[in-house]
Each structure stands twice: as C-alpha cells, then as structure tokens.
Amino acid sequence: MKKQRPVNLQLNTISFPPAAITSILHRVTGVAMFFALMFVIWAWATSVSSIEGFAFVQEQMAGPLGKFVAIGTISALTYHVLGGVRHMIMDLGYWEELQSGDISAKAIIVAWIILTILVGVVLW
C-alpha cells in the first residue's frame, strides 16, 4: 500500500505566519550572537595584550569590516532582546490570540529594522 506524501517540497512556496518568522529569527540571532561573541573575545584578548594589539583592534574596528561586524552584532542583540521581551509578555498571558500575536510579531520586526538603521547611521 502506497502512502500519499507531499509532492511539493519547494521552500520558496511555503509562507510562514509572522509569529513563526519572529520565533525563527529569535533563534537565529541567538546563534549569531554566539559567533559574534568569539570575535568580541578575540578583540578583547588582543587589545589587552599590548599597546600594539590595542592599536590593531582599534584600526580594525574603525574599518568597514569592523563597522559591519559591530552593526551586525548590535542588530542581533537588539532583535534578540525585543523577541525575548515579546516572549516574556506572551508568558504572562498577553498576545496569545492569533490577531494580537501577529500584530506584536510585525511590530517587533518593524522596531528591529528601525533600530538597526539607526545603529548603522550612528556607527557609520
């Protein structure tokens, strides 16, 4: 007996609700912050090792790559905090309905984009 399985497994045809997108982004930004922490630890260790190390890290952070890493790290942290606050509010019993959950998810994404642009303008 043959079981009928889904035939269309193209990921670009699947649309996720906003709440699912925010949940996935919360996890992705957590992983991104883990990898960014390795850069932060390297920069700290190098900068405290000597005067030359400090100058090297300062030079790297003033360049385009350093600014890109800084903006990305702050952006990931910002989203992770916003998503965490949203999850804590949901744990208190609010925004659990479909409509209010979607609105809060969209609000988090919009706030994250605006804050990331502001951080980019300030740091660049």
Side-chain angles (χ1 to χ4, degrees):
M1 181 179 221
K2 260 184 143 176
K3 291 186 178 183
Q4 293 294 330
R5 298 191 179 226
V7 181
N8 184 7
L9 294 178
Q10 295 178 349
L11 293 178
N12 61 352
T13 60
I14 300 172
S15 64
F16 292 108
I21 294 170
T22 57
S23 180
I24 292 168
L25 281 174
H26 186 73
R27 293 164 195 221
V28 168
T29 56
V31 172
M33 285 191 308
F34 172 77
F35 288 109
L37 187 60
M38 287 190 261
F39 174 77
V40 170
I41 292 171
W42 167 82
W44 176 78
T46 304
S47 68
V48 298
S49 66
S50 66
I51 294 173
E52 294 82 17
F54 179 79
F56 177 72
V57 171
Q58 193 174 27
E59 179 185 325
Q60 293 302 315
M61 291 305 293
L65 181 62
K67 289 179 181 180
F68 179 75
V69 169
I71 292 169
T73 302
I74 294 170
S75 176
L77 178 63
T78 302
Y79 184 83
H80 202 73
V81 168
L82 289 172
V85 168
R86 178 179 176 268
H87 280 289
M88 287 191 320
I89 292 171
M90 290 176 68
D91 288 343
L92 294 173
Y94 301 100
W95 298 342
E96 291 182 336
E97 299 81 22
L98 184 62
Q99 183 180 8
S100 61
D102 283 348
I103 291 171
S104 68
K106 290 175 184 176
I108 292 298
I109 292 172
V110 168
W112 172 53
I113 291 170
I114 291 170
L115 290 172
T116 299
I117 292 171
L118 287 175
V119 166
V121 167
V122 168
L123 288 182
W124 210 271

Per-pair distances, 0.1 Å, donor-acceptor, side chain in residues 68-77, under 3.5 Å, sequence neighbours excluded:
| unit_1 | atom_1 | unit_2 | atom_2 | d |
| --- | --- | --- | --- | --- |
| Thr73 | OG1 | Val69 | O | 2.8 |
| Ser75 | OG | Trp112 | NE1 | 3.0 |
| Ser75 | OG | Thr116 | OG1 | 3.0 |

Show me the donor-acceptor pairs within less than 3.5 Å that the side chains of residues 34-42 make with the rest of the protein, sequence neighbours left out.
| unit_1 | atom_1 | unit_2 | atom_2 | d |
| --- | --- | --- | --- | --- |
| Trp42 | NE1 | Thr46 | OG1 | 3.3 |

Can Val110 be reached from Leu115 by stepping across I, L, V, M, F, W or Y side chains whose heavy atoms are under 4.5 Å apart? yes
When hydrophobic residues are tied together by side-chain contacts of less than 4.5 Å, even through go-betweens, does Val48 share a cluster with Met61? no
Please identify each residue that fulfils ring pair (Phe, Tyr, Trp, His ring centres under 6.0 Å) with Phe54, with sequence neighbours left out. none
Identify the residue among Val28, Ile113, Leu25 that makes a side chain to side chain contact (heavy atoms under 4.5 Å, CB included) with Tyr79. Leu25
Gly53 versus Ser49, closest heavy-atom pair with distance: CA-OG, 4.4 Å
Side-chain donor-acceptor pairs of residues 90-101 under 3.5 Å, sequence neighbours excluded:
| unit_1 | atom_1 | unit_2 | atom_2 | d |
| --- | --- | --- | --- | --- |
| Glu97 | OE1 | Ser100 | OG | 3.0 |
| Ser100 | OG | Glu97 | O | 3.4 |

Taking only residues two or more places apart in sequence or in another chain, which ones pass ring pair (Phe, Tyr, Trp, His ring centres under 6.0 Å) with Trp44? none
Report whether Ile114 and Val119 are members of the same hydrophobic cluster (ILVMFWY, side-chain heavy atoms less than 4.5 Å apart, transitive linking). no
For His26, what residues pass the ring pair (Phe, Tyr, Trp, His ring centres under 6.0 Å) criterion, not counting sequence neighbours? His80, His87
So how far is it from Leu82 CG to Thr29 OG1, rounded to the nearest 0.5 Å? 9.5 Å
What is the minimum heavy-atom distance between Arg86 and Ile108, and which atoms define it? CD-CG1, 3.6 Å
